[in-house]
Amino acid sequence: MHFVVKFFPEITIKSNPVRKRMSRQLQDNLRTLLKQLDDRIVVRKDWEKIDVIAPDAVAHLGGRIEEVLAHTPGIANFSRVRQFPLGDLHDIYEKTLSVWGEHLAGKTFCVRAKRTGQHDFKSLDVEQYVGGGLNTNTQAAGVKLKNPDVTVKLEIRHDKLYVVEEQHPGLGGFPLGTQDPVLSLVSGGFDSTVASYLTIKRGIRTHYLFFNLGGRQHELGVKEVAYFLWNKYGASHRVRFITVPFDEVVAEILENVDDSYMGVILKRMMLRAATVIANEVEVDAVVTGEAIAQVSSQTLKNLSVIDSVTDTLVLRPLITSDKTDIIRTAREIGTEEFAANMPEYCGVISVKPTTRARVEKVEKEENRFDFTVLDRAIGNRVMQNIDEVIEEVNGEVPDVEIRDEAGDAVVIDIRHPDEEELDPLELEGTQVETIPFYRLNNAFAGLEQDRHYLLYCARGVMSKLHASHLLDEGYRNVGVLRPHLPHRPEQKKR
């Protein structure tokens, strides 16, 4: 199984040193990600492309490999190909026929060829010769140069022929790690998750900062969506998830700040805390999901007042985006269900919020605020690696049971429906239910409570996080089914 990966066009127009650095980073990222599937998958780079080669023994992972390639920043498109030594025109035709012959029956088609190197023929010669042969010797409905049912794509590079079986679009953007890191303020809603995705797509290593305003359910939900974004689009690089307890800050604002200025001042307090933490994790910019005039605190005047508390660069990828566009993007990247089911905590909502805050008025209100409360919140922050977000303080809740075999338990597959459809969980002799993570908390209460349940996800992180939460809620009939580990060859004896 062979895939050819093409670089995002913005990479190819960079200077030679930058192009080399970016293409090398993309190669390293793919090696890291594909090694998690099977370390026999080979990733090779040349000036024009990256080849991903999987041996026949891992052919069953084809769909998983395509999933990685589709969601890795820096890729314009990728193709599953058959590679052959290059022969003459008739040899090219015969090899193309072996791949495409049976798939053209009853369909119109055309042949498109691209060449790199010196050859005795032109690309048009290839297209005409191969197209004529396929038209004569298959059950095709005929050649159609405009809008055919099938486009047979060939690529000739020096002494190699690549017959393209399938081509898929990539994510675009720059390889993760080619840009300086940022700290993204996430609330789990549509805006902050899409903003975080856009920075990841642009090659920016994105850490997450969550201000807990008092809702444990909200924290759980935000950790899930942050993990989802990292796991799907940025898992080549480890990032941090930082939680700051902000309930006391909210209480201080509610007690001492004028109603119309509560929202603006809350944002200023968050930005102050973000600045301290950004300095600690050595990033030079913070990211928010704010868009002009979406809510009262997001007018240009208010944003200017909010930003005045920091010298740290504040990035707002969505600043001119419409809400409908943001929701559509969330749907495309898989975070819509997270946002739609996110537990809300609206502790600071002004009855008559100002849309034109004045700095002198804000500072006067903040003079009544006890800043030791903010300092305490920052000091009580919890910093975790993103793949360790399950490590929560649950009081005297028992440890999560992790099994290698289901036994007589019911297994609940909690993965996102797209992931479950790509790789369905089949366990012989075991009852398997599918309940997406975003429905689990409500659905679990309706299950037969005299049965034991094991939660399942691809890496075991989200399943353990949810099991921990259900144990915290008082359920004692839930555990985790350990996911299968990727292939690791036996160590050679010395």
### E433/Q431 under side chain to side chain donor-acceptor pair (under 3.5 Å): CA gap, chis, key distance, verdict
CA-CA 7 Å; E433 302 286 345; Q431 181 181 345; 2.7 Å; yes

#### Entry: Stepwise side chain to side chain contact (heavy atoms under 4.5 Å, CB included) check, L69 with L30
CA-CA 8 Å; L69 298 178; L30 289 176; 3.8 Å; yes

### Stepwise salt bridge (charged side-chain N to carboxylate O under 4.0 Å, His left out) check, R157 with E48
CA-CA 10 Å; R157 293 197 185 91; E48 299 175 332; 3.4 Å; yes

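Remark: D28 engages no residue in a salt bridge (charged side-chain N to carboxylate O under 4.0 Å, His left out) (not counting sequence neighbours). Applying the side-chain hydrogen bond (donor to acceptor under 3.5 Å, both in side chains) criterion to R451, with sequence neighbours excluded, gives no partner residue. Annotation: salt bridge (charged side-chain N to carboxylate O under 4.0 Å, His left out) contacts of R316 (sequence neighbours excluded): E290, D307. With sequence neighbours left out, the side-chain contact (heavy atoms from CB on, under 4.5 Å) criterion links D159 to no other residue. Take E421 and apply the salt bridge (charged side-chain N to carboxylate O under 4.0 Å, His left out) test, not counting sequence neighbours, and it matches no residue. A search for ring-ring contact (aromatic ring centres under 6.0 Å, His included) contacts involving F444 returns Y453, Y475, not counting sequence neighbours. Scanning for side-chain contact (heavy atoms from CB on, under 4.5 Å) contacts around I292 gives L300, L303, I319, with sequence neighbours left out. Among residues two or more places apart in sequence or in another chain, the side-chain contact (heavy atoms from CB on, under 4.5 Å) test is passed with A409 by R403, H452, L454.
Here the closest non-hydrogen pair linking N137 and Y93 is ND2-OH, 2.9 Å. Of all non-hydrogen atoms in L481 and A406, the two that sit nearest each other are CD1-N, 4.0 Å. Summarising the geometry of S184 relative to S196, their closest heavy-atom pair is OG-OG, 2.7 Å, with the distance given to 0.1 Å. Contact between C457 and I414 at its shortest, heavy atoms only, is CB-CG1, 4.3 Å. Nearest heavy-atom pair, V225 versus G188, reported as atom, atom and distance to 0.1 Å: CG1-CA, 3.9 Å. Residue M1 comes nearest to V58 through the heavy atom pair CE-O, 3.8 Å, listed as atom of the first residue, atom of the second, then distance.
Inter-residue side-chain proximity for F78 and V52 is flagged as unmet; no heavy-atom pair is nearer than 4.5 Å. In this structure, the side chains of K114 and I156 stay at 4.5 Å or more apart for every pair of heavy atoms. Looking at heavy atoms from C-beta onward, V4 lies out of side-chain contact with V164 at the 4.5 angstrom threshold. When side chains are defined from C-beta on, L318 counts as touching L198, because their heavy atoms get closer than 4.5 Å. Using a 4.5 Å cut-off on side-chain heavy atoms (C-beta onward), R112 and E127 make contact. With contacts defined as side-chain heavy-atom distances shorter than 4.5 Å, the pair I326/Q294 qualifies. Looking at I50 and V43, their side chains come closer than 4.5 Å, going by heavy atoms from C-beta outward. With contacts defined as side-chain heavy-atom distances shorter than 4.5 Å, the pair F8/I11 qualifies.
Rounding to the nearest 0.5 Å gives a distance of 8.5 Å between CG of L427 and CD of E405. Going from atom CD1 of I92 over to atom NE2 of H119 covers 8.0 Å, rounded to the nearest 0.5 Å. One distance of note links CG of L440 with CG of L447; it measures 8.0 Å at 0.5 Å rounding. Taken to the nearest 0.5 Å, the OG1 atom of T138 stands 5.0 Å off from the CG atom of L104. To the nearest 0.5 Å, atom CG of residue L33 and atom CD of residue E67 are 11.5 Å apart. Atom NE2 in H103 sits 14.5 Å away from atom CD in Q139 (nearest 0.5 Å).
Put simply, the side chain of W230 gets close to the backbone of H237: a donor and an acceptor are under 3.5 Å apart. Although no hydrogens or angles enter the test, the distance criterion places no donor-acceptor pair under 3.5 Å between the side chain of T136 and the main chain of G133. In this structure, D38 contributes its side chain and R40 its backbone to a donor-acceptor pair below 3.5 Å. In this structure, the side chain of D88 engages the main chain of H90 through a donor-acceptor pair within 3.5 Å. When atom types are taken as modelled, the side chain of E420 and the backbone of P424 share no donor-acceptor pair closer than 3.5 angstrom. Side chain of S79 to backbone of V81: no donor-acceptor contact under 3.5 angstrom is found. No donor-acceptor distance shorter than 3.5 angstrom exists from the side chain of S236 to the backbone of T32, with no hydrogens or angles considered. Although no hydrogens or angles enter the test, the distance criterion places a donor-acceptor pair under 3.5 Å between the side chain of K95 and the main chain of P85. Judged by distance alone, with hydrogens and angles left aside, the side-chain atoms of T178 form no donor-acceptor pair with the main-chain N or O of F174 at under 3.5 Å. Formation of a donor-acceptor pair under 3.5 Å by the D125 side chain with backbone atoms of K122 is found in this model.
Within 6.0 Å of the NZ atom in K45, the count of heavy atoms belonging to other residues, nucleotides or ligands exceeds 12. Under a cut-off of 6.0 angstrom, the local environment of CG in D46 is crowded, with over 12 non-hydrogen atoms contributed by other residues, nucleotides or ligands. Within 6.0 Å of the NZ atom in K153, the count of heavy atoms belonging to other residues, nucleotides or ligands does not exceed 12.
A salt bridge does not link R328 with E336: none of the charged nitrogens is closer than 4.0 Å to a carboxylate oxygen. Under the 4.0 Å criterion applied to side-chain N and carboxylate O atoms, D51 and R44 are not assigned as salt-bridge partners. Here R381 pairs with E280 in a salt bridge; the nearest charged N to carboxylate O distance falls below 4.0 Å. A salt bridge is defined here as a Lys NZ or Arg NE, NH1 or NH2 lying under 4.0 Å from an Asp or Glu carboxylate O, and E155 with K49 fails to meet this definition.
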Side-chain donor-acceptor distances from residues 142-152 under 3.5 Å, at least two apart:
unit_1 : atom_1 : unit_2 : atom_2 : d
D149   : OD2    : T108   : N      : 3.0
D149   : OD2    : T108   : OG1    : 3.2

Name each donor-acceptor pair under 3.5 Å that joins a side chain in residues 203-211 to protein atoms two or more places apart or in another chain, with its distance.
unit_1 : atom_1 : unit_2 : atom_2 : d
R205   : NE     : R238   : O      : 2.9
R205   : NH2    : R238   : O      : 2.5
T206   : OG1    : T199   : OG1    : 2.9
T206   : OG1    : I204   : O      : 2.9
H207   : ND1    : R240   : N      : 2.9

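In this structure, R415 forms no cation-pi arrangement with Y456, as its terminal cationic atom is not both closer than 6.0 Å to the ring centre and no more than 45° off the ring axis.
Sorted by first and then second residue, the pairs that involve residues 10-21 and meet side chain to side chain donor-acceptor pair (under 3.5 Å), not counting sequence neighbours, are E10-R202. Residue pairs meeting the ring pair (Phe, Tyr, Trp, His ring centres under 6.0 Å) criterion with at least one partner in residues 42-71, sequence neighbours excluded, are H71-Y233.
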